[in-house]
Amino acid sequence: MKRLQLLMGMPITVEILDANATEADIERVFAYFRSIDETFSNYKEESEISKINRGELAEEASSDAVKTILALGEQTRQETQGYFDIEHDGLIDPSGIVKGWAIFQAAQLLKEAGFVNFYIDAGGDIQVAGTNNGHPWRIGIRNPFNRTENVKVLAITDKGVATSGTAIRGQHVYNPHQPEKPIQDIVSLTVIGPDVYEADRFATAAFAMGKRGIYFLEQLAGFEGYMIDYSARATYTSGFERFVLSDDKIS
Amino acid sequence: MADAQWGVVQIQVVIQNGKITSVQFLQYPNERNRSVQINSYADPILINEAIQAQSTKVDIVSGATDTSNAFIQSLSNALSQAQA
């Protein structure tokens, strides 16, 4: 069973292959994303984040979910040499960490409900579980210069894959150390991580590092990366090829 | 293999079509603090390639979030047509 909804300004797809999946199981996932949007959206005046940013809600008085995200944001800032920072111009924008975290939590909901083979894709950031009829899930890395093409095909089981980039909606990641300077040397960075929360936060941080990001990922245990630069050349980490499915390997 | 200033270094280099495609350190000095310090500064050499379109069918696509209004509009249209 596969369903798609537009939530949080992006297409979210949930597919569960297990035979006992029902509409209600998938609706629970979408309801969870809607609740996350209500709590964290910067575009909703009544969200807790908007209230914190207007000074109407103290961080200490916020919900456990908000406190968790603020703590994870701070932890990620420390782990990425400050390249990941949810605070800028004195305002909190947690979207860089909420998305991956929400996908991961939604996948946990499905696991706790007993589902084994499924994926959740929120705007190109993906958590897969189990297999697609016995085969690893096939995840394409979209060509940032031509969105109808994939430039790599990955074979993935029980991991997270996330891509950070400038390709389609323009610059939405910036370097907090030089906020006025756009990141022009790389256009797309895909990260394979132990889960989508980990993949997403390190994809965002490594992208903000520019060309150095791929070397940051190389040194991070349990992560692989594929970076595409403006000249359509790609650089990848030394363990990345393990996950690549080549055209000539498919009969 | 070479006896470098801080110990023995053994490197494996793969050359394809006259270009170095990978360099691997098989053995390098890491016992002395000084060497560990140097190693942590050196970037590994990572493989670089021209991107190439793949024809293999995929289940899911990973890419930067596409939230342009035009895209959302076309997706909304497609969804409402599919549900009509």
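Predicted model, so just to flag it, every value in this text is computed and none were measured. Residue numbering restarts at 1 for every chain, and letters A, B, ... go by the order of the sequence lines.
A:V128 is listed as a side-chain neighbour of B:I60, based on a closest heavy-atom distance under 4.5 Å. Counting heavy atoms from C-beta outward, A:N143 and B:I51 have side chains that approach closer than 4.5 Å.
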- Please test A:Y236 against B:L46 for side-chain contact (heavy atoms from CB on, under 4.5 Å), starting from the C-alpha separation and ending with a verdict. CA-CA 6 Å; A:Y236 51 93; B:L46 298 179; over 6 Å; no
- Go through the steps for B:T56 and A:R138 under the test side-chain contact (heavy atoms from CB on, under 4.5 Å), then give the verdict. CA-CA 9 Å; B:T56 304; A:R138 287 182 187 174; 3.7 Å; yes
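Of the two parts of B:E49, the backbone and the side chain both hold a non-hydrogen atom closer than 4.5 Å to a non-hydrogen atom of chain A. With a 4.5 angstrom heavy-atom cutoff, A:I126 touches chain B only via side-chain atoms. Heavy atoms of A:Y226 lying under 4.5 Å from chain B belong exclusively to its side chain. Using a 4.5 Å cut-off between heavy atoms, A:L189 does not touch chain B at all. Contact annotation for A:A203: neither backbone nor side-chain heavy atoms come within less than 4.5 Å of a heavy atom of chain B.
Across all their heavy atoms, A:D121 and B:V61 have their closest contact at OD2-O, 4.1 Å.
Using modelled atom types, no side-chain atom of B:S62 and backbone atom of A:I141 make a donor-acceptor pair closer than 3.5 Å. Side-chain atoms of A:N150 do not come within 3.5 Å of backbone N or O of B:Q54 as any donor-acceptor pair.
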